[in-house]
Amino acid sequence: MKQLINILFVFFMLTTYCCQKNTSEKINNSQTSNIHSMEVEILKKQVEYGASQYFNEAGVEMPKPEFSIDELNEVSIIAKDALKNGGYQEISDDDYKLKIKEIFNRSLEMSSNTNIVYLNFFDKCNKTLLRYPNNGSEYNGTYLIKNQKIITDFYYLPELIDYEKKYPQIYEWENTVSDTYKDKDGDIIKIEKWRNLENLKDKRYNNIQKIINRNKYLFNNNKGSFAWLQFNDEKFLETLVKIFGYAKDRSLLEWYIKRNGIEKYNGNLEEYLKAFYVKNCDNSFAIHNETFTYMDSNPEKYSREILTVLEDIRTERIKLENLTFEEKTKLIAYLLYFGEKHKEKTGLTFAFMGTFYEHSSEDLQKKYNDEFRKNNFYGLPNFEKLWNDAKTEGDGIGLDM
C-alpha cells in the first residue's frame with residue numbers, strides 16, 4: 001500500500017511538472033510571437049514610408065513624422081539584444097540610477113510608470129519627451145530606457161536589422177512599393193527606399209556599435225569603448241562635458257581639453273569656458289575643480305590661455321550672459337587664482353589679479369571685492385592676501401606676455 005502511494009505521488013508530481021512546463025512554453029512562445037509580430041508590423045510601416053520623402057519638383061526633403069512609442073520600444077528591444085551579444089554587463093537599478101545622476105544630473109524614479117526619459121542635447125532642462133529622429137538642427141537627443149537600464153538613440157528598424165536576411169518577404173515586397181505618390185495638395189512626393197541607400201550595411205553596423213559602446217563606457221567603465229567613442233562618436237563625448245557638465249572622468253576631461261583648446265574656440269571663448277563650470281537646471285552653479293587640477297600639469301600653457309580668456313571677460317568680449325553676476329564672479333575668482341598660483345613658474349607675476357583689478361572700473365573693483373568677501377574668498381588658500389596685494393602691486397606693464 002505504501003509503495004502504491006509513493007508511485008501515485010511521483011506520477012502526480014511528473015504530471016504537474018509537465019503541465020507547468022507546457023504552460024510556460026506556451027506563454028514564452030506567445031510573448032516571442034507578439035514581439036516578432038510587432039517587429040514585422042513596424043518594419044512594414046517604415047519600409048512603406050521609405051528612408052526619406054521628397055517634394056519631387058523641388059527636391060526638398062520632407063520633415064520626418066513623429067514616431068510612436070511602440071517604434072521606440074522596439075528599438076530598445078533590439079538594443080538590449082545587441083548589448084547582450086556585445087559583452088555588456090547589465091547593472092542594477094540602483095547603479096543605473098546613480099550613474100544617470102552622476103553623468104547627466106537627472107534623478108530617476110525607477111518604480112514610476114514613466115519608462116522612457118528624453119535627454120535633450122539642445123536644452124538639457126527641457127524634459128518634454130520628443131519623438132522625432134535627430135536631425136542636428138531642430139532635434140538632437142537620446143533616450144533613457146529605464147526597464148532595460150540602457151541608453152539609446154532612436155533608429156528606424158532598417159538602420160538596425162538586416163531585414164533582407166531576416167525578413168526576405170518584406171525586402172521583396174519593398175520592391176513593389178511605388179516610388180512616388182500624390183499628397184493631399186496634389187504635389188508629387190518621391191520616396192527614397194531603404195534598399196537603395198548607399199552604405200546601409202555600414203551605417204547599420206555603426207549604429208549597433210554606437211549603442212554598445214555608449215552603454216559599455218557609461219555603465220561598465222569600459223576603456224575599449226571609450227577609445228571607440230573618441231574616434232567614432234566624439235560629439236556625444238563632448239556633449240557629456242559641455243552640455244551636462246560631466247567632469248568626474250579624468251580620461252574624458254583630458255581628452256576634451258586637448259581636443260577643445262583655445263585655438264578651436266578663438267573668437268568664441270564662451271564655448272571654451274564650458275570646461276570650467278556647469279550651470280544646472282535647479283539653478284545651482286558648480287566650478288569644475290577637476291579641470292583646474294588637470295591644467296596644473298602644464299601651467300605655462302594653460303595660464304596663458306586663461307589670461308586670454310580673462311582679458312576678454314574684462315573687456316566684455318565674453319559676456320557670459322547665461323550667468324548671474326555672482327556666478328560670473330566665482331568663475332573669475334577661480335581663473336585668477338589659477339594664474340596667481342603658478343605665477344612663479346610662468347613669470348606672469350602681475351598679469352592676473354594685478355592687471356584685472358587695475359583695469360576694472362572703481363565700481364566693478366568694489367563689487368568684485370564685496371562678492372569675494374561675502375563668499376569668504378571661496379575657500380581658496382591665500383586668495384584674500386593675493387587679492388589685497390593686487391590693489392597695490394601694479395598691473396604688470398612691461399611683462400613679456
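- Asp93 meets the side chain to side chain contact (heavy atoms under 4.5 Å, CB included) test with Met110, Lys149; sequence neighbours excluded.
- Applying the ring pair (Phe, Tyr, Trp, His ring centres under 6.0 Å) definition to pairs two or more places apart or across chains, those involving residues 51-97 are Phe67-Phe154, Tyr96-Phe219.
- Inter-residue side-chain proximity for Gln209 and Asn232 is flagged as unmet; no heavy-atom pair is nearer than 4.5 Å.
- Under 4.0 Å is where a charged nitrogen must lie from a carboxylate oxygen, and between Glu270 and Lys319 no such pair does.
- Residues Ile211 and Ala79 share a closest heavy-atom pair of CG2-CB, 3.8 Å.
- Between Tyr139 and Tyr132, the angle of the ring planes stays under 30°, which puts this pair in the parallel group of the 30/60° scheme.
- The ring pair (Phe, Tyr, Trp, His ring centres under 6.0 Å) analysis of residues 160-193, with sequence neighbours excluded, yields the pairs His36-Tyr167, Tyr163-Tyr171.
- Side-chain contact between Tyr368 and Ile332: present, with at least one pair of heavy atoms (C-beta onward) separated by less than 4.5 Å.
- Looking at heavy atoms from C-beta onward, Ile313 lies in side-chain contact with Leu335 at the 4.5 angstrom threshold.
- With hydrogens and angles disregarded, no donor-acceptor distance shorter than 3.5 Å links the side chain of Lys345 to the backbone of Pro299.
- Remark: the backbone N or O of Gly136 is not paired with any side-chain donor or acceptor of Asn140 at under 3.5 angstrom.
- Distance alone, capped at 3.5 Å, is enough to place a donor-acceptor pair between the Thr392 side chain and the Asp389 backbone.
- Counting only residues at least two apart or in different chains, salt bridge (charged side-chain N to carboxylate O under 4.0 Å, His left out) contacts with residues 324-339 comprise Lys279-Glu327.
- No salt bridge links Asp187 with Lys182; every basic N to acidic carboxylate O contact stays at or beyond 4.0 Å.
- Between Glu340 and Lys343, at least one side-chain nitrogen of the basic residue sits less than 4.0 Å from a carboxylate oxygen of the acidic one, meeting the salt-bridge criterion.
- Applying the salt bridge (charged side-chain N to carboxylate O under 4.0 Å, His left out) test to pairs two or more places apart or on separate chains, those with a residue in residues 305-317 are Lys301-Glu305, Glu311-Arg314, Asp312-Arg317.
- Taking the charged nitrogens against the carboxylate oxygens, Lys366 and Asp370 do have a contact shorter than 4.0 Å, which makes a salt bridge.
- Between the side chain of Asn206 and the backbone N or O of Asp202, no donor-acceptor pair lies under 3.5 Å.
- Within the structure, the side-chain hydrogen bond (donor to acceptor under 3.5 Å, both in side chains) test picks out the following pairs touching residues 151-161 (sequence neighbours left out): Thr142-Asp153, Asp153-Arg214.
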**Prompt:** Please walk me through it: do Leu237 and Phe226 pass side-chain contact (heavy atoms from CB on, under 4.5 Å)?
**Reply:** CA-CA 9 Å; Leu237 290 180; Phe226 177 54; 4.0 Å; yes
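- Of the inter-residue distances, the one linking Ile170 atom CD1 with Asn175 atom CG reads 14.0 Å to the nearest 0.5 angstrom.
- Every residue two or more places apart in sequence or in another chain that forms a side chain to side chain donor-acceptor pair (under 3.5 Å) with Lys341 is listed here: Asp296.
- Remark: side-chain polar atoms of Ser178 are paired, donor with acceptor, to backbone N or O of Thr180 under 3.5 angstrom.
- Listed by first then second residue, pairs satisfying salt bridge (charged side-chain N to carboxylate O under 4.0 Å, His left out) with a partner in residues 41-52 read Lys45-Glu71, not counting sequence neighbours.
- Looking at Leu218 and Phe104, their side chains come closer than 4.5 Å, going by heavy atoms from C-beta outward.
- What you find for Lys64 and Pro133 is that their closest heavy atoms are CB-CG, 3.7 Å.
- For the pair Asn388 (side chain) and Glu384 (backbone), a donor-acceptor distance under 3.5 Å is present.
- Expressed to the nearest 0.5 Å, how far CG of Asn115 lies from CG of Asn73 amounts to 7.0 Å.
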**Trace of the side-chain contact (heavy atoms from CB on, under 4.5 Å) decision for Phe372 with Tyr378** = CA-CA 7 Å; Phe372 290 160; Tyr378 309 104; 3.6 Å; yes
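- Screening residues 256-278 for ring pair (Phe, Tyr, Trp, His ring centres under 6.0 Å) gives Tyr272-Phe276, Phe276-Phe292, Tyr277-Phe285 as the qualifying pairs, with residues at least two apart or on separate chains.
- Classification of Glu290 and Lys248 as a salt-bridged pair holds, one side-chain N sitting under 4.0 Å from a carboxylate O.
- In this structure, a donor-acceptor pair under 3.5 Å is present between the side chains of Tyr217 and Asp249.
- Contact check for Phe352 versus Leu310: side-chain heavy atoms found under the 4.5 Å cut-off.
- Not counting sequence neighbours, the partners of Phe377 by the ring-ring contact (aromatic ring centres under 6.0 Å, His included) test are Phe383.
- Taking 4.0 Å as the cut-off between side-chain N and carboxylate O, Glu90 and Lys80 count as a salt-bridged pair.
- Here Tyr302 pairs with nothing under the ring-ring contact (aromatic ring centres under 6.0 Å, His included) rule; sequence neighbours left out.
- Looking at Thr346, its side chain never comes within 3.5 Å of a backbone N or O of Ser303 through a donor-acceptor pair.
- Side-chain contact between Leu83 and Gln148 is absent, with no heavy atoms from C-beta onward closer than 4.5 Å.
- Looking only at distances, no side-chain donor or acceptor of Asn369 sits under 3.5 Å from a matching main-chain atom of Gln365.
- Between the side chains of Lys367 and Thr329, no donor N or O sits under 3.5 Å from an acceptor N or O.
- With values rounded to the nearest 0.5 angstrom, Lys235 atom NZ is found 12.0 Å from Phe121 atom CZ.
- Not one N or O on the side chain of Asn213 forms a donor-acceptor pair closer than 3.5 Å with the backbone of Trp228.
- Residues His288 and Ala275 approach most closely at CD2-O, 3.4 Å, considering heavy atoms.
- Side-chain atoms of Thr308 come within 3.5 Å of backbone N or O of Arg304 as a donor-acceptor pair.
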**Asked** Under the side-chain contact (heavy atoms from CB on, under 4.5 Å) criterion, do Leu240 and Phe236 qualify, and how do the steps go?
**Response** CA-CA 7 Å; Leu240 297 180; Phe236 175 72; 3.9 Å; yes
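- Looking at heavy atoms from C-beta onward, Pro158 lies out of side-chain contact with Arg195 at the 4.5 angstrom threshold.
- Identified under the salt bridge (charged side-chain N to carboxylate O under 4.0 Å, His left out) test for residues 119-140, with sequence neighbours left out: Glu66-Arg131.
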**Prompt:** Leu380 and Leu386: side-chain contact (heavy atoms from CB on, under 4.5 Å), yes or no, with the steps?
**Reply:** CA-CA 10 Å; Leu380 296 169; Leu386 292 168; over 6 Å; no
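- By the 4.5 Å heavy-atom criterion applied to side chains, Ser225 and Asn220 are not counted as neighbours.
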